[in-house]
Amino acid sequence: MQHYSIVPNGVNAQSVANAVMQLDFVTDCYIPQAQNAGEITVIVATKNNTITIPQIFEIKNSVGISEITGAEVQPYLAQKQNFSLTVEANIRSGFDKEQMKGILENEIGEICSVHKIGRALPLNIISKRLVSIDGISSFNIYSNDAFGDVIPCDSKCYLNLNSLAVNCFDE
């Protein structure tokens, strides 16, 4: 929804991002504030986490405003920023712990698979999802990578869950 909160006007960062997002190999795009005059920095995440020379030219060609303004489009590949999570859950009587562990792993994996460039991950987003799972009486979420209750993300990176430990206990 945030993507649509800024009206594209053909010359703003949202317009550039919209144009780049039309490319089939791009999964996310971030246009940071210009650091150098005459340069448009385009940071992309791609389906296979690589960017080829032809894809760089596709990105440059997709930004039509650069021809009018004479600005140089500089595409960069977003980098993975790995993080880990540990979830401890108390399972209600009558529910299978191993099955619940699988459900938790799937739910957390789904939440963490959204690779948004520069977007931090508040742990309460995971909590909100886990609260709705029948069979869990309580849980705790931990991450050594968190600052308070948020896993921060560098503006040129996207978060990547590389280690998940789910421990289920009887209630």
Side-chain angles (χ1 to χ4, degrees), residues 1-8 12-33 35 41-51 55 75-171:
M1 294 308 291
Q2 184 178 2
H3 176 75
Y4 296 103
S5 67
I6 300 171
V7 177
N12 63 9
Q14 189 64 53
S15 295
V16 172
N18 287 349
V20 173
M21 287 297 293
Q22 297 300 312
L23 301 172
D24 64 345
F25 60 90
V26 174
T27 59
D28 194 27
C29 178
Y30 173 66
I31 313 299
Q33 187 172 5
Q35 299 297 313
T41 301
V42 178
I43 303 168
V44 295
T46 63
K47 291 179 182 176
N48 61 359
N49 298 319
T50 62
I51 188 168
Q55 289 172 333
Y76 296 96
L77 181 64
Q79 301 299 306
K80 286 183 186 180
Q81 182 177 323
N82 291 327
F83 72 98
S84 61
L85 282 177
T86 300
V87 176
E88 295 178 344
N90 290 325
I91 307 302
R92 290 192 178 115
S93 176
F95 288 88
D96 180 73
K97 286 191 298 189
E98 285 304 311
Q99 183 180 18
M100 293 305 294
K101 179 179 179 178
I103 291 169
L104 288 166
E105 289 171 344
N106 287 339
E107 290 292 324
I108 293 166
E110 187 177 308
I111 294 166
C112 296
S113 68
V114 178
H115 298 146
K116 299 299 285 177
I117 300 169
R119 186 83 44 89
L121 175 63
L123 296 179
N124 70 350
I125 288 176
I126 298 170
S127 296
K128 288 177 184 177
R129 187 86 160 257
L130 300 187
V131 161
S132 66
I133 298 173
D134 190 30
I136 299 174
S137 61
S138 64
F139 60 87
N140 290 307
I141 303 172
Y142 308 97
S143 177
N144 290 335
D145 302 300
F147 184 72
D149 289 338
V150 175
I151 299 172
C153 184
D154 184 87
S155 64
K156 294 181 180 178
C157 297
Y158 60 90
L159 292 175
N160 179 61
L161 178 61
N162 72 327
S163 174
L164 174 61
V166 176
N167 303 309
C168 294
F169 306 99
D170 290 323
E171 185 174 46

Undergrad: Can you pull the salt bridge (Lys or Arg N to Asp or Glu O under 4.0 Å) pairs that have at least one residue in residues 121-130, sequence neighbours excluded?
TA: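 Residue pairs with at least one partner in residues 121-130: Glu107-Arg129, Glu110-Arg129.
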Undergrad: Verify, without hydrogens or angle tests, whether Asp145 (side chain) and Ile151 (backbone) share a donor-acceptor contact under 3.5 angstrom.
TA: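 It does not hold such a pair.
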Undergrad: Take Asn18 and Gln14 through the side-chain hydrogen bond (donor to acceptor under 3.5 Å, both in side chains) test and state the conclusion after the steps.
TA: CA-CA 6 Å; Asn18 287 349; Gln14 189 64 53; 3.1 Å; yes
Undergrad: Quick one: pull up CG in Asn140 and OG in Ser127 and give me the separation to the nearest 0.5 Å.
TA: 9.0 Å
Undergrad: What's the shortest heavy-atom distance between Pro152 and Ala120, and which atoms?
TA: CA-CB, 4.0 Å
Undergrad: State the OG1-CD distance between Thr41 and Gln33, to the nearest 0.5 angstrom.
TA: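 It is 11.0 Å, given to the nearest 0.5 Å.
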Undergrad: Can you tell me how far CD of Gln55 sits from CZ of Phe25, rounded to the nearest 0.5 angstrom?
TA: 4.5 Å
Undergrad: Minimum heavy-atom separation for Glu171 to Ser137, with atom names?
TA: OE2-CB, 2.7 Å
Undergrad: Test your reading of the model: is there a side-chain donor-acceptor pair from Thr46 to the backbone of Ile51, 3.5 Å cut-off?
TA: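 The answer is no, because no donor-acceptor pair under 3.5 Å joins these two groups.
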Undergrad: Has Asn144 got more than 12 heavy atoms of other residues, nucleotides or ligands less than 6.0 Å from its CG?
TA: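 Atom CG in Asn144 is not packed in, count stays at 12 or less.
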Undergrad: Do you know the tightest heavy-atom contact between Ile117 and Asp28?
TA: N-OD2, 2.6 Å
Undergrad: Would a 4.5 Å heavy-atom cut-off, applied to side chains only, mark Tyr30 and Arg119 as touching?
TA: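 No, every pair of side-chain atoms sits at 4.5 Å or beyond.
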Undergrad: Between Thr27 (side chain only) and Ala45 (backbone N and O only), is there a donor and an acceptor less than 3.5 Å apart?
TA: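 Side chain of Thr27 to backbone of Ala45: a pair is present.
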Undergrad: In Å and rounded to the nearest 0.5 Å, what is the CD1 to CD distance from Ile43 to Gln79?
TA: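 Rounded to the nearest 0.5 Å, the CD1-CD separation comes to 10.0 Å.
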Undergrad: Tell me if the CG atom of Asp154 is crowded by more than 12 foreign heavy atoms within 6.0 Å.
TA: yes
Undergrad: Applying ring pair (Phe, Tyr, Trp, His ring centres under 6.0 Å), which residue pairs with at least one partner in residues 152-171 are found, sequence neighbours left out?
TA: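 Passing the test, one end in residues 152-171: His115-Tyr158.
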Undergrad: Looking only at heavy atoms, which two atoms of Ile31 and Ala13 are closest? And how far apart?
TA: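 Result for this residue pair: CG1-O, 3.6 Å.
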Undergrad: Is there side-chain contact between Leu121 and Ile126, with at least one heavy-atom pair below 4.5 Å?
TA: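 Result yes, sub-4.5 Å side-chain heavy-atom pair found.
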Undergrad: What pair of heavy atoms forms the shortest contact from Ile91 to Cys168, and how long is it?
TA: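 Closest approach of Ile91 to Cys168: CG1-CB, 3.8 Å.
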Undergrad: Can you name the nearest heavy-atom pair linking Cys29 to Ala17, along with the distance?
TA: SG-CA, 3.9 Å
Undergrad: Quick one: which residue pairs count as a side chain to side chain donor-acceptor pair (under 3.5 Å) with a foot in residues 96-105, not counting sequence neighbours?
TA: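 Every candidate side chain to side chain donor-acceptor pair (under 3.5 Å) pair involving residues 96-105 fails, so no pair, neighbours aside, qualifies.
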Undergrad: Could you give the distance from CG (Leu164) to CG (Asn162), rounded to the nearest 0.5 Å?
TA: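 These two atoms lie 10.0 Å from each other.
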Undergrad: If you define the side chain from C-beta out and look only at heavy atoms, does anything of Leu130 sit under 4.5 Å from Ile141?
TA: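 Of all side-chain heavy-atom pairs linking Ile141 with Leu130, at least one is under 4.5 Å.
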Undergrad: Decide side chain to side chain contact (heavy atoms under 4.5 Å, CB included) for Leu161 and Phe83; before the verdict, give the C-alpha distance in whole Å, the side-chain angles of both, and the deciding distance to 0.1 Å.
TA: CA-CA 5 Å; Leu161 178 61; Phe83 72 98; 3.7 Å; yes
Undergrad: So how far is it from Asp149 CG to Ile125 CD1, rounded to the nearest 0.5 Å?
TA: 12.0 Å
Undergrad: I'd like to know whether Ile136 forms a side chain to side chain contact (heavy atoms under 4.5 Å, CB included) with Asn90, so could you lay out the CA-CA distance, the side-chain angles of the two residues, the decisive distance to 0.1 Å, and finally the verdict.
TA: CA-CA 6 Å; Ile136 299 174; Asn90 290 325; over 6 Å; no
Undergrad: Thinking salt bridges, do Asp134 and Arg92 make one under a 4.0 Å N-O criterion?
TA: yes
